[in-house]
Amino acid sequence: MRVSLNQAQRQAVEHGDGPLLVLSGAGTGKTRVLVQRIALLVERGVAPWEILAVTFTNKAAQEMRARLAELLGERAKAMWIGTFHATCARLLRRWGEAIDVPRDFHIVDDDDQMKIVGQLLKDEGLADSISPRTLLSRFDRAKNRGVDPTTERLGFSDEYVQAIYPKYAARLRKEHALDFNDLLLQTLRLLEHPEVGPRLATQFRHVLVDEFQDTNRVQYRLVTALGGASRNITVVGDDDQSIYGWRGAEPRNMFDFERDFPEVVVIRLEQNYRSTQMILDAANAVIGKNRERHVKHLWTDRGGGEPLVWHEAGDERGEAWFVADAIRKLIDHEGISPRDVAILYRTHGQSRALEEQLLRFGLAAEIVGGVGFYERKEVKDVLAYLRLVLNPASDMSFERVVNTPPRRIGEATVEKLRQRARAGLTPAARKTLGAFVELIDGLAAVAAAGASVAELVIQVVERSTYRQVLEAEDTEESRQRLGNLAELVTVAADYDDEAGADGTVAGFLERIALASPSDGQLGAGDGAEQHRVRMTTIHAAKGLEFPVVFLCGLEDGLFPSLREREGQDEDAQLEEERRLAYVALTRAMDRLVLTAARTRRTWGEIRVQTPSRFLDDIPAACLARPRRGATPVAAVSSGGGWPRAGAPAMARRPDRPAPRRSLGTTYDEHDQRSHDDDEPSFDLDGDRGTARLREDRIGAGARVRHVQFGAGRVVDAQGQGKDRKLVIEFPDVGYKTVLARFVTTD
DNA sequence: GGGTGTTATCTTTTT
DNA sequence: GATAACACCC
């Protein structure tokens, strides 16, 4: 760690009592400031347990704790360091009973929420009216602001919210469950409790908040309430990096803080220690287009730097090929470590093509986020067993596993139980249910006998016959699942080791509930991560830095995402995307490569893409691109090496009249040929171009074969691509409408 | 009640 | 392309 601090940093570190607002641009060393400041507070006599540091992600919390442990040793352990949600869970666990939050509450994740809401919608006969996801986002939108969804009077409240939310809340109460927002809201209520509130407000002599621009209204109130007594609140943030508006973040909180704490000392960190001037110039130019911002003057004494490389490939595989090839050469010829390289993208869906090509080039990737370990079905099943052992009254857990693995208890039986119509059960069902109850009782006995969490997990997998069933299946997938369950045992064993005598099943479940899926990623500590290129969404990359950054998928519609979002106007949305671009660009220390694909396959559909409008904002002098005709490889490495500053290239939109927002355009063969002429080297498989739009070629008169109905003749066809429907006359079954992708042409 | 095959839907982004 | 929901058949 750099020990020396610049003047502004020093001022922030040494600030004494009273509110402090640190406006810190990207790469200006805010984490260092926070850590040093906390260390100094302890040196000055503040007890570790009187310090509360709130971060946004578990990763950030872990890192902060680790750095403080280096400086302070054991004392770091007693500090309150965690995410908002983890901190609130801890407070509620300790004090929640004062406001009737049950001591044994558990936390429901998105999946559970969706299931509950889906079921309620079905019960009310509204399943076709609104999707659970939309409804949940409406709940959240109110709750993010501390408003009860049913009393919301500001416009977006509607009959569905009115109908379902009370039932949803009741359901959670019954299950002793809180959702993520409830954690925050209940803690806020706790702070209003006449006895507990004042006590909590004085417990922390110093409250410090990282990424303050991403706090929502409820979190703002939490911070000011928790630090209210001493007014020793330090908030650190950068409104240009506010990228969680969709989650209710209000960057405005930064200004409100100044208003609510007039004596606040404001310090600006503007010297960037991370990136070259070239990278900063590009990033500043992009963010400069935003209107709603506090203008900052980021500067660096790392002058110059290499221009950004821009490459547009034919399709996403070509893009991935370019990236993988470039990384391979950086490692082989320039001594770059895989660990120094990050591939960033807008959505998780982009990762697959990239990973495939990396593999082809012998490069291992660590994908952060995506389909997380704790979201796997088998893992959730076993966790549901644990929850059921803990709380036999949990209907949600019961319904999840009563027939998992299948033991002949079907929907009909479950429905009877729901109706409390036990009398109507068939004798067979009774017997099976009895056995299930015995299974759970047996597991409870194991737990009561003092088994470790890991042992209990093993018992669940064994006694539920999960292992036997998966072993009998013996497919690639079942082996994978078995492996995941083995991994879960390891995770539990780690927890046992760490928590020691304090470890409980409940503690284990809570840790998992609060962990983001990406926190469950494996491979930590085996040394292999040193050899892995990191791949992550831009959101998950916030706060990180890498010597070399590849930013992929710079295409309008993908990045910026132009997807409509309820409750946020288009301009605000675009500004947030632009901030996201700013975050992405400023992750890079030395080298930055921007890529796009002219066509991209999404949802099995090929679309023509246009380069991102953000590219237009990057000054031409900051961009280089491989010479036309040269293989893209040459530009990045090998012979020509990395492009030099002043390379005579600039980003241009394609001059063909591609419609700017051409998201619905289907791909055609001419397009493909012309692209392939451009970049013949990308065709590695030799299987491209075959059967691309096979479906569209099937029209009236075609002879086709269907797996079920046999051979037939097409009499009519409608739609295109994967949605193309055919009306087929089959000699045996008559006319049938069938999707074109389900028939073969012999 | 369960298995199979067909169809609809899906994607931002995270605690 | 993948997966969850659904319809149909045993």
Side-chain angles (χ1 to χ4, degrees), chain A residues 54-61 82-89 107-111 113-115 118 122 127 131 133 137 140 144 178-184 211 214-216 218-219 242-249 344-353 368-372 374-375 377 403 406-415 426 428-429 432 477 512-519 536-542 553 557-565 573 576-577 579-580 583-584 601-606 706-709 721-723 725 736-739 741-743:
Chain A
V54 188
T55 61
F56 241 75
T57 62
N58 292 298
K59 210 192 308 168
T83 62
F84 271 103
H85 296 85
T87 303
C88 287
I107 302 159
V108 292
D109 61 19
D110 284 4
D111 233 42
Q113 284 183 294
M114 213 95 91
K115 266 199 186 128
K122 211 175 267 176
S131 72
R133 175 177 231 88
S137 81
D140 281 344
N144 280 333
L178 300 180
D179 65 25
F180 282 119
N181 275 322
D182 292 336
L183 288 173
L184 308 183
E211 308 282 10
D214 286 328
T215 52
N216 66 29
V218 172
Q219 288 163 334
S242 168
I243 55 176
Y244 286 102
W246 52 275
R247 209 171 84 183
L344 308 186
Y345 35 78
R346 181 65 179 79
T347 65
H348 286 299
Q350 295 167 247
S351 64
R352 182 175 311 155
V368 184
V371 183
Y374 297 124
E375 289 171 322
K377 180 186 179 304
N403 198 32
R407 48 174 77 89
R408 310 196 70 83
I409 299 176
E411 185 54 31
T413 303
V414 172
E415 185 55 34
T426 64
T432 324
E477 190 191 331
I512 289 174
L514 288 169
S516 71
S518 54
D519 293 329
T536 162
T537 62
I538 303 166
H539 282 87
K542 193 166 72 152
L558 181 62
F559 189 28
S561 161
L562 298 171
R563 218 162 157 275
E564 289 172 41
R565 208 187 305 171
Q573 208 174 313
E576 180 153 317
E577 293 290 313
R579 291 192 294 270
L580 195 54
V583 168
R601 194 170 192 126
T602 358
W603 311 319
E605 196 82 66
I606 295 169
H706 185 266
V707 260
Q708 192 183 343
F709 306 129
K722 72 188 179 84
D723 294 323
K725 292 188 174 88
K736 289 277 178 191
T737 304
V738 173
L739 283 180
R741 58 194 161 111
F742 291 119
V743 304

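Letters A, B, ... are given to chains in the order of the sequence lines, protein chains preceding strands, and every chain is numbered from 1. Everything numeric here is computed off the predicted structure, so don't read it as measured data.
For the pair A:Val583 and A:Ile243, the minimum side-chain heavy-atom distance is below 4.5 Å. Proximity of A:Phe84 to A:Phe56: side-chain heavy atoms (C-beta onward) are separated by under 4.5 Å at one or more points.
Of the candidate nucleotides C:dA2, B:dT13, C:dC6, C:dC6 has the atom lying nearest to any side-chain atom of A:Lys122. Side-chain proximity of A:Arg247 to B:dT15, B:dG2, C:dA2: nearest is B:dT15. The side chain of A:His539 sits closest to B:dT13 out of C:dC6, B:dT15, B:dT13. Taking every side-chain heavy atom of A:Arg601 into account, C:dG1 is the closest of B:dT14, B:dG2, C:dG1.
The two residues A:Thr536 and A:Ala541 come nearest to each other via the heavy atoms OG1-N, 3.8 Å.
Stacking is not found between A:Tyr244 and the pyrimidine-like six-membered ring of the B:dT14 base under the 5.5 Å centre-distance and 30° plane-angle cut-offs.
Counting to the nearest Å, the C1' atom of B:dT14 and the CZ atom of A:Phe180 are 8 Å from each other. Here B:dT13 presents its P atom at 17 Å from CZ of A:Phe56, a figure rounded to the nearest Å. Atom-to-atom, NZ of A:Lys377 to P of C:dA5 comes out at 12 Å; the value is rounded to the nearest Å. One interatomic measurement links the two molecules: CD of A:Gln219 to P of B:dT14, which rounds to 16 Å at whole-angstrom precision. Residue A:Trp246 contributes atom CH2, which lies 12 Å from atom C1' of B:dT11 at whole-angstrom precision. Atom pair A:Gln350:CD and B:dT11:C1' shows a separation of 10 Å (rounding to whole Å applied). Rounded to whole angstrom, the span from the CD1 atom of A:Ile243 across to the P atom of B:dT14 amounts to 9 Å. A:Lys115 places its NZ atom 11 Å from the C1' atom of C:dA4, with the value rounded to the nearest Å.
Comparing A:Asp110 and A:Ile409, the nucleotide of DNA chain B nearest to each residue sits closer to the 5' end for A:Ile409. Along DNA chain B, the nucleotide nearest to A:Ser561 and the one nearest to A:Thr413 differ in position, and the one closer to the 5' end is contacted by A:Thr413.
Comparing the same atom, P, in B:dT11 and in C:dC6 gives a spacing of 16 Å after rounding to whole Å.
Taking 4.0 angstrom as the limit, A:Thr57 places none of its side-chain polar atoms (N or O) nearer than this to OP1 or OP2 of B:dT15. OP1 or OP2 of B:dT14 lies within a sub-4.0 Å distance of a side-chain N or O belonging to A:His348. Checking the phosphate oxygens (OP1, OP2) of B:dT9, no side-chain nitrogen or oxygen of A:Arg133 falls inside 4.0 Å. One finds no side-chain N or O of A:Thr602 lying less than 4.0 angstrom from the OP1 or OP2 phosphate oxygen of B:dT11.
Between atom CZ of residue A:Arg579 and atom OH of residue A:Tyr244 there is a gap of 13.0 Å, rounded to the nearest 0.5 Å. One distance of note links CD1 of A:Ile107 with CG of A:Asp179; it measures 10.0 Å at 0.5 Å rounding.
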